[in-house]
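What follows is one structure encoded as structure tokens, with my remarks underneath.
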Amino acid sequence: MNLLSKRYEPLALEEEILDFWKKQKIYDKTLEFRSKGPRWNFLEGPPTTNGFMHVGHARGRAMKDAQLRYMTMRGYNVWRRGGWDMQGLPVELEVEKNEGIAEKGLIESDVGMDVFVQKCKELVDFYLERWVNDSIRLGLWLDYPSAYQTRKDDYIEHVWHFLKLANENGLLGRGYRVNPICPRCVTALSGHEVSQGYMVKTDPSIYVKFKLVGKENEYLVIWTTTPFTLISNEMVSVHPKYKYVKVKVDGESWWLVEDLVVEVMHKAKKESYEIVESLPGKKMLGWKYEHPFKEEVPFHQVHNEKYMHAVVTGTHVTVEDGTGLVHTAPGFGPDDFNVGREFDVPVLAPVNNTGKFTSEVPMFEGRLVFDTNPEVPRLLEKKGLLVHEETLDHEYPHCWRCDTPLIYLADKSQWFLRMTGVRERLVDENTKVEWTPEWAGTGRFGDWVANADDWCISRSRVWGSPLPVWVCDDCKEEIVIGSRKELKEHAIKFPDEFEMHRPWVDEVVLLCEKCGGEMHREQFVTDCWLDSGIAHTASVDYLKDPSLFNQLFPFDFITEAVDQSRGWFYSLLYTSVVMHDKAPFKACVSQEHVLDAEGGKMSKSRGNVVWAEDALADIGADPFRVFVLTRSASWSRMNYDKKEIDLTRKKLDVLWNVVLFTETYMDLDNFKFDEKRMMKTLPKANLEDKWLLSRLQTVIKEYHEQMGKYLWHQAGRVLLEFISEDLSRVYLPLVKKRVWLDSEDPKKVMAYDVIYYTLQTFLRALNPFTPFLCEKLHKDFLVRFAEDLPESINLTDMPMSVDKLIDQEMEKTFEVLQELRSASSHARNKKGVKLRHPVAKVVLIAEDEETSKRAESLRDLLLDDLNTRDFEVQRTDVMAEFTRLSIKPNYKALGPRYKDMMKQLVLKLQEVDAVKLRRDLERGKAEVVVAGKKLKLVDGDVEFEESLPDHLSFAESKIGKLYVDVTRTKELEAEGLVRDVTRRVQVMRKELDLKVEQSIDLVLYFSDEEAVELAEMFKVHLTNETRAQTMELVGPKKQPTWKKYSYVKEWEIDDLTLKVGMSPL
RNA sequence: GGGCCCGUGGCUUAGACUGGUUAUAGCGCCGCUCUGAUAAGGCGGAUAUCGCGCGUUCAAAUCGCGUCGGGCCCA
């Protein structure tokens, strides 16, 4: 009886297996089973519990699971604690949206920060549950109950511990940072967030002149697309090496870069102008100018440092657009800021974090900066300083959440972690990591670490790890707290209800040890990358008890998508090097993203995101896993296309069908697998048995090599190819006859043993890829036909290749077989001779001696397989003598010369000896006699074609030429007919859904007496093949009584009509 | 603005590091065929200026430079 369903149905199967795993606690049993093994430690990169799992996440998680299952079956005690990244801005934004809070001010007033934080927790817990469900559905085996959560106090304490340590090492600092801020969300954005929000923005583009101090009518001409920043202009930058020129125009002198003179003058509509002087930029250093808004902005009246309102030099200046003189406002751009620092100019940043001017700019106080953009040119115009005004469409960063244009703004209160002092260690430690692919680490990540800026870790938000810095109200003394215990020791006010989140932590007041004053907390939370970055330590409760950490650190393996290079990979490395002076992971596999079917980026706004839950419910976890694991290399991007997945699924269908086939016959014969028996009888086994076992071992070897390099796509492809190419396409057809045998033939048992052994080995190797399918086939197939197998395939060992079974010569021999098969099919095809019809002879003209020997050794097998009566291998082309050379006249060459004699000439050419003519042509004295005239022929007048006589067909192959002799004899005719008939009877048996061993009564009616005669020749054979108890063969002379038969059907075989009647007994 | 990856029949892709016969394979299409595991398989056919341009070379899908397009990272 078949326990397996007729068809592979992943959805039902996976549901059953999930239930089996749960009820039988299989995962826990694997932990116990491997508890004595050597450790292999995986550090889970915590998914953000904000939003649901999409197919891109699921691909990464499939990779993780494949690796984890593989290592477990290799005997390792695998550490695989789950983890969740639960804090950060996106969570707050979603809560704001859900609660209808538009601005941050409302968080604190209307809703209350404690309620707000509660909502954040509820939200992340909601997503966490969904993530766990989806992960389990995918088959990802992690420790979920003990998973670390970055929002827990115990976890956050590690962040504090780290920051205190960093501070002690002089790495924690505060100061000016120029950050892109969103005035609506009131927050700084990370570079990652900025790059997600580039959109086209239309801005004013204005050219402005600044009057040089102490010169008459002499000006610097600058350009900007953010007029409001002119108010905070402090310098003008020039490139030290570029050539700048003084241009006389309308009685004034303008300075600008030489390359852009024509363009600027054209825009300013100045037709007559004259270049009167030129010098390199560096000569302009220190030239002072009058600030256009000196009267309106007090800051510009107070400050007059050496390079304030002066020309400075910098290599960031380009001549792509503008004037070559770059307006520089250190408060409003990272480049500008660096220039300001270099030339020691104080920063003017008169804008608050909601994007509005402060009282430092009385004329615009309280107004959004972008709103003043149109007014600034008007003011300049009045002052006579506007040279030209237009608008410009350009890519400008917008908030990726709310589409508000960002402002680059200097903020002096931000906290950051320095690169100075640790950079070399980071670079050095990174070189010790085994990256896959190599360039992801050495190139992309390595270059980035080598050039990374200081890391700004402060965020003016609520839902995050609080920055553990308290500042004295009086003397401004600062203290960095490293733990809850330490906090309590310093506290003079501590809330009854406490947790390490705002607002509770803000209520803690500390005593200043320096002046005795009160210390309050800096109201920042930290960058959430810092949370996940500390996972190497916090995820194993290092502070409570470091012994586990000591066992696991550094972790053996991590894998995440490329965007984590600058995120998690970096934050892990930085924090680990500071804390433990060591990279926290030994190997890292970089993944690329999953795109939509057309190769476009998946994004919520485009609406093309495919959620993991939907994909898994639609196609099943195993087909999904196979697709994402084998489709492309982990580091290559992948297009997610449902149509392509359906194709991948077919490969699993083949596996299912192979098992189904074997199950049917093993069941009939009450087979039990016995490995010792197989090994003992192996020397006497058939060629194909030895070959399959050899192929299997070669495949397993290749599989391990690829897995060892984390090349899952290669390992998976090797396995899938084996199933369809070797097992299903080559081996099974060869053994079908054997399993048909009725008796207890040792050859049959051998075939069963070989198939069983192959499937057992194969399924274990495949388990990391399709754990559901493999578990099912283990449970309901492997266990059934062997003794003493554990209940789960996950409790078995990964098979390693058995070298003694590898026979390379045999594998090469079978490659010859494959070639012979396709060449023979080709040759038959040319003559329209079906494979069912036997041929008299097949001759191979082998390319070399080795092929010849190999083909010869296959002789017995080939007679059957190629359905030929005889098979011959020759080293020289003995068949060439049968080759006929025919002459094809070239009408284009002959026509013009012989005109009306052509008809006769063509007829004559069919008669002449082609071989002789070719020889004569080569000698240059060919001629034919037509109607008594000698006609001369030259090279090119005719072409020669080789052709075979009708009874021969021919095909070229990699191993040599193949001739097939298709001569028909009565005997061969009969055999072909019998096979035609047999097949049709078999189809009818199947249509009646008869059991394989079911007997029948059979009558065959032929529309042609000769066919009856032919069929009689093979009556015994026919009876056996169709399992007929009684059989009647009749022709047109006698009509059987069709009523006697329960199933009657008429067939057309070429010109013959066949009517079949059968009754099951 | 800078860096990295990618571009191969209608579609999906191998090959590129290490230049060398007719560019790999699958899907789809057309014709033929096999089948008592198979919604499968086999044979043949049509479909590719290997994104474009320039260069190096006896020889370029492969190496170099440039350019266009897609994706990612950073500013």
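Numbered from 1 within each chain, the chains take letters A, B, ... in sequence-line order. Worth saying up front: this structure is predicted, and the values here are computed from it rather than measured. All values below come from the heavy atoms of this structure, side chains included, with hydrogens, waters and symmetry mates left out.
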Q | Counterpart residues, salt bridge (charged side-chain N to carboxylate O under 4.0 Å, His left out), relative to A:Arg59 (two or more places apart) | A | none
I'd like a table of atom pairs between the protein and nucleotides 31-35 of chain B - only N or O on both sides, under 3.5 Å - with the distance next to each one.
from: B:rC34; atom 1: OP1; to: A:Arg836; atom 2: NE; distance (Å): 3.1
from: B:rC34; atom 1: OP1; to: A:Arg836; atom 2: NH2; distance (Å): 2.9
from: B:rC34; atom 1: OP2; to: A:Arg836; atom 2: NH2; distance (Å): 2.5
from: B:rU35; atom 1: OP2; to: A:Arg836; atom 2: NE; distance (Å): 3.0

Q. Using Watson-Crick pairs (N1 to N3, plus N6-O4 or O6-N4) and G-U wobble pairs, both distances under 3.5 Å, which stems of at least 3 pairs involve RNA chain B?
A. B:1-7 with B:68-74, B:10-12 with B:25-27, B:29-33 with B:41-45, B:51-55 with B:63-67
**Q.** Member of A:Asp622, A:Val628, A:Val626 meeting the side chain to side chain contact (heavy atoms under 4.5 Å, CB included) criterion with A:Phe624
**A.** A:Val628
**Q.** Euclidean distance, atom OH of residue A:Tyr8 to atom C1' of B:rA39 [Å, nearest integer]
**A.** 15 Å
Q | No-H, no-angle donor-acceptor pair, A:Arg7 side chain to B:rA39 base, under 3.5 Å | A | yes
Q. Got a donor-acceptor pair under 3.5 Å from the side chain of A:Ser728 to the base of B:rA40?
A. no
(Q) Just to verify, what does A:Arg729 make a salt bridge (charged side-chain N to carboxylate O under 4.0 Å, His left out) with, not counting sequence neighbours? (A) A:Glu725
Q. To the side chain of A:Asn657, which of B:rU38, B:rA40, B:rA14 is closest?
A. B:rU38
Q.
If the condition is salt bridge (charged side-chain N to carboxylate O under 4.0 Å, His left out), which residues does A:Lys1049 pass it with, not counting sequence neighbours?
A. A:Glu991
Q: Starting from C1' on B:rA25, measure out to CD on A:Gln714 and report it in whole angstrom.
A: 14 Å
Q: Just jot down the side chain to side chain contact (heavy atoms under 4.5 Å, CB included) partners of A:Val610, sequence neighbours excluded, or say none.
A: A:Val55, A:Met602, A:Ala615, A:Tyr640
